[in-house]
Number of protein chains: 2
Amino acid sequence: MQEKLREHIEKIVPLTDEEFAFVSAHFTIRNYKKRESIICKGDQVNHCYFVVSGLLMLVYDDESGKQHIVSFAMEDWWESDYLVYHTNTKATMSLQCLEDSIVLCLTLQDYQKLCAGTQKMEHFFLEKAHAGHIGSQRRIMSFLTSNAKERYEQLFQRYPSLFQRVSKTLPASYLGVSRETLSRLSS
Amino acid sequence: MQEKLREHIEKIVPLTDEEFAFVSAHFTIRNYKKRESIICKGDQVNHCYFVVSGLLMLVYDDESGKQHIVSFAMEDWWESDYLVYHTNTKATMSLQCLEDSIVLCLTLQDYQKLCAGTQKMEHFFLEKAHAGHIGSQRRIMSFLTSNAKERYEQLFQRYPSLFQRVSKTLPASYLGVSRETLSRLSS
DNA sequence: TTGAAATTGTGATATTTGTCACGCAACAGA
DNA sequence: TCTGTTGCGTGACAAATATCACAATTTCAA
(Lines give C-alpha, C1' and ligand atoms only; values in the text may rest on other atoms or scores of the structure.)
Protein backbone atom coordinates (compact mmCIF):
# COMPACT_ATOMS: atom_id res chain seq x y z
CA MET A 1 0.00 0.00 0.00
CA GLN A 2 2.62 2.47 1.08
CA GLU A 3 4.64 1.39 -1.93
CA LYS A 4 2.10 3.06 -4.20
CA LEU A 5 2.54 6.28 -2.28
CA ARG A 6 6.28 6.06 -2.60
CA GLU A 7 6.16 5.52 -6.34
CA HIS A 8 3.77 8.39 -6.64
CA ILE A 9 5.95 10.80 -4.69
CA GLU A 10 9.10 9.66 -6.43
CA LYS A 11 7.69 10.69 -9.77
CA ILE A 12 8.41 14.18 -8.51
CA VAL A 13 11.06 13.94 -5.80
CA PRO A 14 13.37 11.00 -5.11
CA LEU A 15 13.42 9.83 -1.50
CA THR A 16 15.89 7.84 0.54
CA ASP A 17 14.56 4.93 2.55
CA GLU A 18 14.77 6.93 5.76
CA GLU A 19 13.01 9.87 4.21
CA PHE A 20 10.22 7.70 2.99
CA ALA A 21 9.92 6.03 6.38
CA PHE A 22 9.53 9.47 7.90
CA VAL A 23 6.88 10.43 5.37
CA SER A 24 5.07 7.15 5.55
CA ALA A 25 4.78 7.30 9.32
CA HIS A 26 2.43 10.26 9.02
CA PHE A 27 -0.19 8.40 7.03
CA THR A 28 -2.82 5.99 8.27
CA ILE A 29 -4.50 3.52 6.00
CA ARG A 30 -8.25 3.01 5.75
CA ASN A 31 -10.68 0.86 3.84
CA TYR A 32 -14.06 2.07 2.73
CA LYS A 33 -16.92 0.25 1.07
CA LYS A 34 -18.83 1.42 -1.97
CA ARG A 35 -21.38 4.06 -1.02
CA GLU A 36 -19.63 4.94 2.24
CA SER A 37 -18.88 8.58 2.93
CA ILE A 38 -15.38 9.57 3.91
CA ILE A 39 -16.44 13.14 4.58
CA CYS A 40 -20.04 14.20 5.25
CA LYS A 41 -21.39 17.70 4.86
CA GLY A 42 -20.97 19.45 8.18
CA ASP A 43 -18.06 17.31 9.35
CA GLN A 44 -14.89 18.65 10.75
CA VAL A 45 -12.38 17.94 7.97
CA ASN A 46 -9.23 16.65 9.53
CA HIS A 47 -7.66 14.71 6.71
CA CYS A 48 -6.73 14.79 3.13
CA TYR A 49 -6.67 11.53 1.27
CA PHE A 50 -4.44 9.72 -1.16
CA VAL A 51 -6.38 7.15 -3.15
CA VAL A 52 -4.51 3.86 -3.29
CA SER A 53 -7.31 2.08 -5.10
CA GLY A 54 -10.97 2.56 -5.83
CA LEU A 55 -12.86 5.66 -6.89
CA LEU A 56 -14.18 8.64 -4.96
CA MET A 57 -16.26 11.66 -5.78
CA LEU A 58 -16.40 15.06 -4.15
CA VAL A 59 -20.02 16.19 -4.16
CA TYR A 60 -21.89 19.34 -3.36
CA ASP A 61 -25.60 19.03 -2.62
CA ASP A 62 -27.42 22.28 -3.25
CA GLU A 63 -30.49 23.57 -1.42
CA SER A 64 -32.86 22.11 -4.01
CA GLY A 65 -31.37 18.66 -3.49
CA LYS A 66 -29.42 18.48 -6.72
CA GLN A 67 -26.02 16.81 -6.65
CA HIS A 68 -23.02 18.46 -8.26
CA ILE A 69 -19.78 16.60 -8.67
CA VAL A 70 -16.85 18.85 -8.07
CA SER A 71 -14.38 16.13 -8.87
CA PHE A 72 -13.74 12.46 -9.19
CA ALA A 73 -10.68 10.99 -7.51
CA MET A 74 -9.16 7.89 -9.01
CA GLU A 75 -6.07 5.92 -8.07
CA ASP A 76 -3.06 8.09 -7.25
CA TRP A 77 -5.18 11.17 -6.73
CA TRP A 78 -5.29 13.41 -3.69
CA GLU A 79 -8.63 14.65 -2.50
CA SER A 80 -10.27 16.57 0.27
CA ASP A 81 -12.56 19.52 0.80
CA TYR A 82 -9.48 21.71 0.53
CA LEU A 83 -11.11 24.96 1.41
CA VAL A 84 -12.28 23.43 4.65
CA TYR A 85 -9.12 21.44 5.22
CA HIS A 86 -7.00 24.56 5.13
CA THR A 87 -9.33 26.87 6.99
CA ASN A 88 -10.51 24.42 9.60
CA THR A 89 -14.19 25.09 9.05
CA LYS A 90 -17.02 22.58 8.49
CA ALA A 91 -17.38 20.56 5.32
CA THR A 92 -19.65 22.05 2.66
CA MET A 93 -19.23 19.00 0.45
CA SER A 94 -19.10 15.30 0.97
CA LEU A 95 -16.54 12.78 -0.21
CA GLN A 96 -18.08 9.47 -1.20
CA CYS A 97 -16.86 6.13 -2.43
CA LEU A 98 -18.09 4.94 -5.79
CA GLU A 99 -16.21 1.67 -5.38
CA ASP A 100 -14.61 -0.16 -2.47
CA SER A 101 -11.57 2.00 -1.85
CA ILE A 102 -8.32 2.06 0.04
CA VAL A 103 -7.01 5.46 1.04
CA LEU A 104 -4.08 6.87 2.96
CA CYS A 105 -5.07 9.62 5.36
CA LEU A 106 -3.02 12.62 6.33
CA THR A 107 -4.06 15.09 9.01
CA LEU A 108 -3.54 18.79 8.45
CA GLN A 109 -1.11 18.87 11.35
CA ASP A 110 0.92 16.05 9.85
CA TYR A 111 0.77 17.67 6.45
CA GLN A 112 2.25 20.80 7.95
CA LYS A 113 4.85 18.79 9.81
CA LEU A 114 5.82 17.01 6.63
CA CYS A 115 6.17 20.29 4.77
CA ALA A 116 8.14 21.95 7.49
CA GLY A 117 10.24 18.84 8.13
CA THR A 118 11.44 18.11 4.62
CA GLN A 119 11.64 20.61 1.83
CA LYS A 120 11.27 17.72 -0.58
CA MET A 121 7.72 17.16 0.57
CA GLU A 122 6.87 20.82 0.46
CA HIS A 123 8.16 20.81 -3.10
CA PHE A 124 6.14 17.72 -3.88
CA PHE A 125 2.93 19.30 -2.61
CA LEU A 126 3.69 22.49 -4.51
CA GLU A 127 3.98 20.54 -7.73
CA LYS A 128 0.73 18.75 -6.97
CA ALA A 129 -1.02 22.01 -6.21
CA HIS A 130 0.15 23.40 -9.56
CA ALA A 131 -1.10 20.38 -11.36
CA GLY A 132 -4.43 20.76 -9.60
CA HIS A 133 -4.64 24.41 -10.52
CA ILE A 134 -3.87 23.68 -14.15
CA GLY A 135 -6.47 20.93 -14.17
CA SER A 136 -9.12 23.23 -12.77
CA GLN A 137 -8.22 25.84 -15.34
CA ARG A 138 -8.69 23.30 -18.09
CA ARG A 139 -12.13 22.49 -16.76
CA ILE A 140 -13.07 26.16 -16.58
CA MET A 141 -11.93 26.56 -20.18
CA SER A 142 -14.11 23.66 -21.10
CA PHE A 143 -17.13 25.41 -19.60
CA LEU A 144 -16.26 28.64 -21.37
CA THR A 145 -15.55 27.31 -24.82
CA SER A 146 -17.62 24.17 -25.21
CA ASN A 147 -21.24 23.09 -25.26
CA ALA A 148 -22.56 20.00 -23.53
CA LYS A 149 -21.66 17.63 -26.33
CA GLU A 150 -18.11 18.88 -26.62
CA ARG A 151 -17.60 18.75 -22.86
CA TYR A 152 -18.86 15.20 -22.86
CA GLU A 153 -16.46 14.22 -25.59
CA GLN A 154 -13.54 15.86 -23.82
CA LEU A 155 -14.31 14.01 -20.61
CA PHE A 156 -14.79 10.76 -22.44
CA GLN A 157 -11.50 11.15 -24.22
CA ARG A 158 -9.68 12.02 -21.00
CA TYR A 159 -11.17 9.33 -18.79
CA PRO A 160 -12.72 6.68 -21.01
CA SER A 161 -12.79 4.13 -18.19
CA LEU A 162 -14.90 6.40 -16.02
CA PHE A 163 -17.96 5.68 -18.11
CA GLN A 164 -17.63 1.99 -17.47
CA ARG A 165 -17.11 2.41 -13.76
CA VAL A 166 -20.03 4.65 -12.79
CA SER A 167 -23.62 5.23 -13.82
CA LYS A 168 -24.13 7.96 -16.38
CA THR A 169 -25.89 10.22 -13.94
CA LEU A 170 -22.52 10.99 -12.42
CA PRO A 171 -20.56 12.18 -15.45
CA ALA A 172 -23.65 14.27 -16.20
CA SER A 173 -23.53 16.04 -12.89
CA TYR A 174 -19.78 16.50 -13.28
CA LEU A 175 -20.31 18.13 -16.65
CA GLY A 176 -23.14 20.32 -15.45
CA VAL A 177 -25.71 18.70 -17.74
CA SER A 178 -28.92 16.83 -16.98
CA ARG A 179 -28.72 13.06 -17.32
CA GLU A 180 -31.36 13.15 -20.05
CA THR A 181 -29.33 15.54 -22.15
CA LEU A 182 -26.21 13.47 -21.64
CA SER A 183 -28.11 10.37 -22.66
CA ARG A 184 -29.20 12.03 -25.89
CA LEU A 185 -25.68 13.24 -26.60
CA SER A 186 -24.03 9.91 -26.15
CA SER A 187 -26.43 7.94 -28.28
CA MET B 1 7.12 48.97 -5.99
CA GLN B 2 9.02 46.20 -4.36
CA GLU B 3 7.43 47.23 -1.07
CA LYS B 4 4.08 45.99 -2.34
CA LEU B 5 5.63 42.64 -3.05
CA ARG B 6 7.12 42.47 0.40
CA GLU B 7 3.82 43.28 2.11
CA HIS B 8 2.14 40.70 -0.04
CA ILE B 9 4.61 37.95 0.81
CA GLU B 10 4.68 38.85 4.46
CA LYS B 11 0.98 38.21 4.75
CA ILE B 12 2.03 34.58 4.56
CA VAL B 13 5.68 34.36 5.61
CA PRO B 14 7.68 36.98 7.51
CA LEU B 15 10.99 37.90 5.91
CA THR B 16 14.15 39.47 7.23
CA ASP B 17 15.61 42.38 5.28
CA GLU B 18 18.31 40.15 3.84
CA GLU B 19 15.82 37.54 2.85
CA PHE B 20 13.68 40.07 1.10
CA ALA B 21 16.69 41.54 -0.65
CA PHE B 22 17.48 38.07 -1.94
CA VAL B 23 13.92 37.56 -3.12
CA SER B 24 13.59 40.99 -4.59
CA ALA B 25 16.76 40.62 -6.63
CA HIS B 26 15.07 37.95 -8.75
CA PHE B 27 12.31 40.21 -10.00
CA THR B 28 12.42 42.79 -12.74
CA ILE B 29 9.93 45.57 -13.00
CA ARG B 30 8.02 46.47 -16.15
CA ASN B 31 5.43 48.99 -17.24
CA TYR B 32 2.76 48.24 -19.78
CA LYS B 33 0.16 50.44 -21.39
CA LYS B 34 -3.50 49.69 -21.70
CA ARG B 35 -4.16 47.26 -24.59
CA GLU B 36 -0.56 45.99 -24.62
CA SER B 37 -0.01 42.24 -24.51
CA ILE B 38 2.37 40.84 -21.95
CA ILE B 39 2.07 37.36 -23.40
CA CYS B 40 0.88 36.65 -26.94
CA LYS B 41 -0.50 33.34 -28.14
CA GLY B 42 2.42 31.31 -29.45
CA ASP B 43 5.04 33.05 -27.34
CA GLN B 44 7.60 31.29 -25.29
CA VAL B 45 6.42 31.95 -21.73
CA ASN B 46 9.39 32.81 -19.62
CA HIS B 47 7.86 34.75 -16.79
CA CYS B 48 5.14 34.82 -14.30
CA TYR B 49 3.89 38.17 -13.15
CA PHE B 50 2.98 39.88 -9.94
CA VAL B 51 0.61 42.76 -10.54
CA VAL B 52 1.72 45.85 -8.64
CA SER B 53 -0.97 48.03 -10.15
CA GLY B 54 -3.38 47.98 -13.05
CA LEU B 55 -5.53 45.20 -14.38
CA LEU B 56 -4.77 42.25 -16.65
CA MET B 57 -6.80 39.53 -18.26
CA LEU B 58 -5.79 36.06 -19.36
CA VAL B 59 -7.62 35.31 -22.59
CA TYR B 60 -8.12 32.33 -24.80
CA ASP B 61 -9.17 32.97 -28.39
CA ASP B 62 -10.92 29.98 -29.89
CA GLU B 63 -10.91 28.91 -33.53
CA SER B 64 -14.12 30.75 -34.30
CA GLY B 65 -12.59 33.99 -33.05
CA LYS B 66 -14.49 34.19 -29.77
CA GLN B 67 -12.66 35.48 -26.73
CA HIS B 68 -12.87 33.65 -23.43
CA ILE B 69 -11.51 35.20 -20.28
CA VAL B 70 -9.86 32.61 -18.12
CA SER B 71 -9.11 35.11 -15.41
CA PHE B 72 -8.69 38.71 -14.48
CA ALA B 73 -5.64 39.72 -12.51
CA MET B 74 -5.89 42.72 -10.29
CA GLU B 75 -3.41 44.30 -7.88
CA ASP B 76 -1.56 41.77 -5.76
CA TRP B 77 -2.39 38.90 -8.04
CA TRP B 78 -0.04 36.49 -9.71
CA GLU B 79 -0.67 35.52 -13.28
CA SER B 80 0.80 33.60 -16.14
CA ASP B 81 -0.11 30.88 -18.59
CA TYR B 82 0.84 28.40 -15.88
CA LEU B 83 0.49 25.30 -17.94
CA VAL B 84 2.95 26.71 -20.39
CA TYR B 85 5.14 28.32 -17.77
CA HIS B 86 5.72 25.02 -16.07
CA THR B 87 6.01 22.82 -19.12
CA ASN B 88 8.01 25.19 -21.23
CA THR B 89 5.75 24.96 -24.26
CA LYS B 90 4.20 27.78 -26.31
CA ALA B 91 1.47 30.03 -25.00
CA THR B 92 -2.07 28.99 -25.85
CA MET B 93 -3.48 32.10 -24.26
CA SER B 94 -2.57 35.73 -24.16
CA LEU B 95 -2.15 38.06 -21.21
CA GLN B 96 -3.37 41.57 -21.91
CA CYS B 97 -3.51 44.85 -20.06
CA LEU B 98 -6.92 46.39 -19.48
CA GLU B 99 -5.32 49.41 -17.83
CA ASP B 100 -1.82 50.84 -17.67
CA SER B 101 -0.11 48.35 -15.42
CA ILE B 102 3.06 47.80 -13.45
CA VAL B 103 4.18 44.25 -12.98
CA LEU B 104 7.07 42.40 -11.40
CA CYS B 105 8.42 39.61 -13.57
CA LEU B 106 9.91 36.34 -12.41
CA THR B 107 11.51 33.84 -14.74
CA LEU B 108 10.88 30.15 -14.26
CA GLN B 109 14.54 29.63 -13.50
CA ASP B 110 14.48 32.30 -10.83
CA TYR B 111 11.25 30.95 -9.46
CA GLN B 112 12.91 27.59 -9.06
CA LYS B 113 15.98 29.17 -7.53
CA LEU B 114 13.82 31.05 -5.05
CA CYS B 115 12.01 27.89 -4.08
CA ALA B 116 15.15 25.86 -3.75
CA GLY B 117 17.01 28.67 -2.01
CA THR B 118 14.55 29.50 0.74
CA GLN B 119 11.93 27.17 2.09
CA LYS B 120 9.95 30.23 3.09
CA MET B 121 9.37 31.09 -0.54
CA GLU B 122 8.48 27.55 -1.45
CA HIS B 123 5.97 27.66 1.36
CA PHE B 124 4.67 31.00 0.15
CA PHE B 125 4.11 29.69 -3.36
CA LEU B 126 2.48 26.57 -2.00
CA GLU B 127 -0.02 28.68 -0.09
CA LYS B 128 -0.66 30.75 -3.19
CA ALA B 129 -1.18 27.66 -5.28
CA HIS B 130 -3.70 26.36 -2.77
CA ALA B 131 -5.56 29.63 -2.79
CA GLY B 132 -5.60 29.49 -6.59
CA HIS B 133 -6.90 25.96 -6.57
CA ILE B 134 -9.65 26.82 -4.12
CA GLY B 135 -10.57 29.84 -6.21
CA SER B 136 -10.83 27.76 -9.36
CA GLN B 137 -12.95 25.25 -7.53
CA ARG B 138 -15.30 27.99 -6.46
CA ARG B 139 -15.66 29.07 -10.06
CA ILE B 140 -16.34 25.52 -11.21
CA MET B 141 -19.00 25.21 -8.52
CA SER B 142 -20.51 28.40 -9.81
CA PHE B 143 -20.80 26.89 -13.30
CA LEU B 144 -22.28 23.71 -11.89
CA THR B 145 -24.83 25.17 -9.53
CA SER B 146 -25.81 28.54 -10.96
CA ASN B 147 -27.46 30.02 -14.00
CA ALA B 148 -26.22 33.11 -15.81
CA LYS B 149 -27.99 35.56 -13.54
CA GLU B 150 -26.69 33.99 -10.36
CA ARG B 151 -23.16 33.80 -11.71
CA TYR B 152 -23.37 37.45 -12.64
CA GLU B 153 -24.52 38.36 -9.14
CA GLN B 154 -21.77 36.31 -7.54
CA LEU B 155 -19.13 38.02 -9.66
CA PHE B 156 -20.61 41.42 -9.02
CA GLN B 157 -20.65 40.82 -5.31
CA ARG B 158 -17.10 39.55 -5.29
CA TYR B 159 -15.57 42.22 -7.50
CA PRO B 160 -17.96 45.17 -7.66
CA SER B 161 -15.25 47.51 -8.93
CA LEU B 162 -14.58 45.32 -11.94
CA PHE B 163 -17.76 46.48 -13.62
CA GLN B 164 -16.63 50.08 -13.44
CA ARG B 165 -13.19 49.33 -14.76
CA VAL B 166 -13.95 47.36 -17.91
CA SER B 167 -16.58 47.19 -20.63
CA LYS B 168 -19.37 44.71 -20.01
CA THR B 169 -18.29 42.46 -22.82
CA LEU B 170 -15.47 41.27 -20.60
CA PRO B 171 -17.35 40.11 -17.53
CA ALA B 172 -19.69 38.39 -19.99
CA SER B 173 -16.91 36.41 -21.55
CA TYR B 174 -15.55 35.60 -18.09
CA LEU B 175 -18.94 34.27 -17.05
CA GLY B 176 -19.44 32.31 -20.25
CA VAL B 177 -22.48 34.30 -21.31
CA SER B 178 -23.15 36.40 -24.38
CA ARG B 179 -22.91 40.13 -23.83
CA GLU B 180 -26.56 40.53 -24.84
CA THR B 181 -27.71 38.12 -22.18
CA LEU B 182 -25.57 39.83 -19.58
CA SER B 183 -27.00 43.17 -20.57
CA ARG B 184 -30.52 41.87 -20.07
CA LEU B 185 -29.63 40.35 -16.72
CA SER B 186 -28.07 43.46 -15.31
CA SER B 187 -30.89 45.83 -16.24
C1' DT C 1 -14.57 70.06 -32.74
C1' DT C 2 -15.70 66.25 -35.47
C1' DG C 3 -16.14 61.82 -37.32
C1' DA C 4 -15.11 56.96 -36.83
C1' DA C 5 -15.11 53.24 -33.77
C1' DA C 6 -16.59 51.03 -29.68
C1' DT C 7 -20.17 50.23 -26.27
C1' DT C 8 -24.71 49.31 -24.86
C1' DG C 9 -29.58 48.12 -24.82
C1' DT C 10 -33.29 45.73 -26.94
C1' DG C 11 -36.48 43.22 -30.21
C1' DA C 12 -37.21 38.99 -32.93
C1' DT C 13 -36.05 34.53 -33.55
C1' DA C 14 -33.27 30.13 -33.34
C1' DT C 15 -30.91 26.80 -30.66
C1' DT C 16 -29.64 24.45 -26.67
C1' DT C 17 -30.73 22.46 -22.62
C1' DG C 18 -33.84 21.32 -18.70
C1' DT C 19 -38.00 19.22 -16.84
C1' DC C 20 -41.57 15.95 -16.46
C1' DA C 21 -43.47 11.68 -17.64
C1' DC C 22 -43.21 7.08 -18.99
C1' DG C 23 -41.68 2.24 -20.07
C1' DC C 24 -38.35 -1.18 -20.14
C1' DA C 25 -34.31 -3.65 -18.69
C1' DA C 26 -30.84 -4.83 -15.29
C1' DC C 27 -29.73 -5.77 -10.78
C1' DA C 28 -29.61 -6.58 -5.71
C1' DG C 29 -31.42 -8.26 -1.62
C1' DA C 30 -34.97 -11.07 0.95
C1' DT D 1 -37.20 -16.89 -7.37
C1' DC D 2 -39.60 -12.74 -6.53
C1' DT D 3 -39.74 -7.91 -5.99
C1' DG D 4 -38.49 -3.34 -5.33
C1' DT D 5 -34.98 -0.21 -6.77
C1' DT D 6 -32.01 1.81 -9.99
C1' DG D 7 -30.36 2.99 -14.49
C1' DC D 8 -31.29 4.27 -19.07
C1' DG D 9 -33.50 5.98 -23.17
C1' DT D 10 -36.92 8.89 -25.22
C1' DG D 11 -41.01 11.90 -26.28
C1' DA D 12 -43.28 16.36 -25.44
C1' DC D 13 -42.93 20.61 -23.84
C1' DA D 14 -40.87 24.67 -21.19
C1' DA D 15 -37.18 27.65 -20.02
C1' DA D 16 -32.69 29.63 -20.66
C1' DT D 17 -29.55 31.42 -23.60
C1' DA D 18 -27.44 32.53 -28.17
C1' DT D 19 -27.61 34.89 -32.39
C1' DC D 20 -28.64 38.50 -35.55
C1' DA D 21 -29.99 43.07 -36.46
C1' DC D 22 -30.29 47.81 -35.48
C1' DA D 23 -30.35 52.29 -33.22
C1' DA D 24 -28.76 55.33 -29.57
C1' DT D 25 -24.93 56.74 -26.93
C1' DT D 26 -20.27 57.26 -25.56
C1' DT D 27 -15.32 57.45 -26.32
C1' DC D 28 -11.41 58.91 -28.37
C1' DA D 29 -8.03 60.32 -31.52
C1' DA D 30 -7.03 63.41 -35.52
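Letters go in sequence order (proteins before strands), and every chain restarts at 1. What you see is a predicted model; the values in this text were computed from it and never measured.
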(request) Please lay out, stage by stage, how B:Cys115 and A:Leu126 fare under the test side-chain contact (heavy atoms from CB on, under 4.5 Å). (result) CA-CA 10 Å; B:Cys115 287; A:Leu126 177 54; 4.1 Å; yes
(request) Output the rest of the hydrophobic cluster of B:Tyr174: all Ile, Leu, Val, Met, Phe, Trp and Tyr residues reachable through side-chain heavy-atom contacts under 4.5 Å, sorted by chain and number. (result) B:Leu55, B:Met57, B:Val59, B:Ile69, B:Phe72, B:Met74, B:Trp77, B:Leu98, B:Tyr152, B:Leu155, B:Phe156, B:Tyr159, B:Leu162, B:Phe163, B:Val166, B:Leu170, B:Leu175, B:Val177, B:Leu182
(request) Only counting residues at least two apart or in another chain, list the ones meeting salt bridge (Lys or Arg N to Asp or Glu O under 4.0 Å) with A:Glu150. (result) none
Where do [X] and [Y] come nearest, in terms of heavy atoms and distance?
X        : Y        : answer
B:Ala129 : A:Ala129 : CB-CB, 3.6 Å
A:Thr89  : A:Val84  : O-CG1, 2.9 Å
B:Lys66  : B:His68  : O-CD2, 3.6 Å
A:Tyr49  : A:Leu95  : CD1-CD2, 3.7 Å

(request) With a 4.0 Å heavy-atom cut-off, tell me which residues in residues 161-178 of chain B come close to DNA chain D, sorted by residue number. (result)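 The stretch gives B:Gly176, B:Val177, B:Ser178 as the residues lying under 4.0 Å from the strand, ordered by number.
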(message) Give the residues of residues 147-160 of chain B touching DNA chain D, defined as any heavy atom closer than 4.0 Å, sorted by residue number.
(response) B:Asn147, B:Ala148
(request) Give the cluster check for A:Leu83 versus B:Met141: same hydrophobic cluster or not, with ILVMFWY residues linked at side-chain heavy-atom distances below 4.5 Å. (result) yes
Between side-chain atoms of residues 8-15 of chain A and protein atoms elsewhere (two or more places apart, or another chain), which donor-acceptor pairs fall under 3.5 Å?
from    : atom 1 : to      : atom 2 : distance (Å)
A:His8  : NE2    : A:Trp78 : NE1    : 2.9
A:Glu10 : OE2    : A:Leu15 : N      : 2.6

(request) Start with the C-alpha distance between B:Val52 and B:Leu104, add both sets of side-chain angles, then the distance that settles side-chain contact (heavy atoms from CB on, under 4.5 Å), and finish with yes or no. (result) CA-CA 7 Å; B:Val52 175; B:Leu104 291 169; 3.8 Å; yes
(message) Assess whether a salt bridge exists between B:Asp76 and B:Lys4, defined as any Lys/Arg side-chain N lying under 4.0 Å from an Asp/Glu carboxylate O.
(response) yes
(message) Can you tell whether the side chains of A:Asp17 and A:Arg6 come within less than 4.0 Å, N to carboxylate O?
(response)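 Result for this pair is yes, salt bridge flagged.
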(message) Can you pull out the residues from residues 57-67 of chain B that lie within a 4.0 Å heavy-atom distance of DNA chain C?
(response) none
Between [N] ([atom2]) and [X] ([atom1]): distance, integer Å:
X        : N      : atom1 : atom2 : result
A:Leu185 : D:dG9  : CG    : C1'   : 13 Å
B:His68  : D:dA18 : NE2   : P     : 11 Å
A:Arg179 : D:dG7  : CZ    : P     : 9 Å

Please tabulate, for the side chains in residues 29-40 of chain A, all donor-acceptor contacts under 3.5 angstrom to protein atoms that are two or more places apart in sequence or on a different chain.
from    : atom 1 : to      : atom 2 : distance (Å)
A:Arg30 : NH1    : A:Tyr32 : OH     : 3.3
A:Glu36 : OE1    : A:Lys33 : N      : 2.5

(message) Counting primed atoms plus P, OP1 and OP2 as sugar-phosphate and everything else as base, spell out the protein contacts along nucleotides 23-28 of chain D at 4.0 Å heavy-atom distance: B, S or - for each nucleotide, 5' to 3'.
(response) ------
Indicate whether the side chain of [X] and that of [Y] have a donor and an acceptor atom separated by less than 3.5 Å.
X        : Y        : answer
B:Ser173 : B:Gln67  : no
B:Ser142 : B:Gln154 : yes
A:Gln96  : A:Ser94  : yes
A:Ser53  : A:Glu75  : no
B:Glu79  : B:Ser71  : yes

(request) List in chain and number order the residues that pass side chain to side chain contact (heavy atoms under 4.5 Å, CB included) with B:Lys41, two or more places apart in sequence or in another chain; answer none if no residue qualifies. (result) none
(request) Find the bend of the helix from C:dT1-D:dA30 to C:dA30-D:dT1 as the angle between its two terminal axes (five pairs each), to the nearest 10°. (result) 50°
(request) Walk along DNA chain C from 5' to 3' and tell me the first and last nucleotide with an atom closer than 4.0 Å to a non-hydrogen atom of chain B. (result)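 In short, chain B contacts DNA chain C from C:dT7 to C:dA12.
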Between the protein and nucleotides 11-13 of chain D, which nitrogen or oxygen pairs are less than 3.5 angstrom apart?
from   : atom 1 : to       : atom 2 : distance (Å)
D:dG11 : N7     : A:Arg184 : NH1    : 2.9
D:dG11 : O6     : A:Arg184 : NH2    : 3.3
D:dA12 : N6     : A:Arg184 : NH2    : 3.4

(request) Return yes when atom CD of B:Gln109 has more than 12 non-hydrogen atoms of other residues, nucleotides or ligands closer than 6.0 Å, and no otherwise. (result)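 Yes - once you tally the heavy atoms of other residues, nucleotides and ligands closer than 6.0 Å, there are more than 12.
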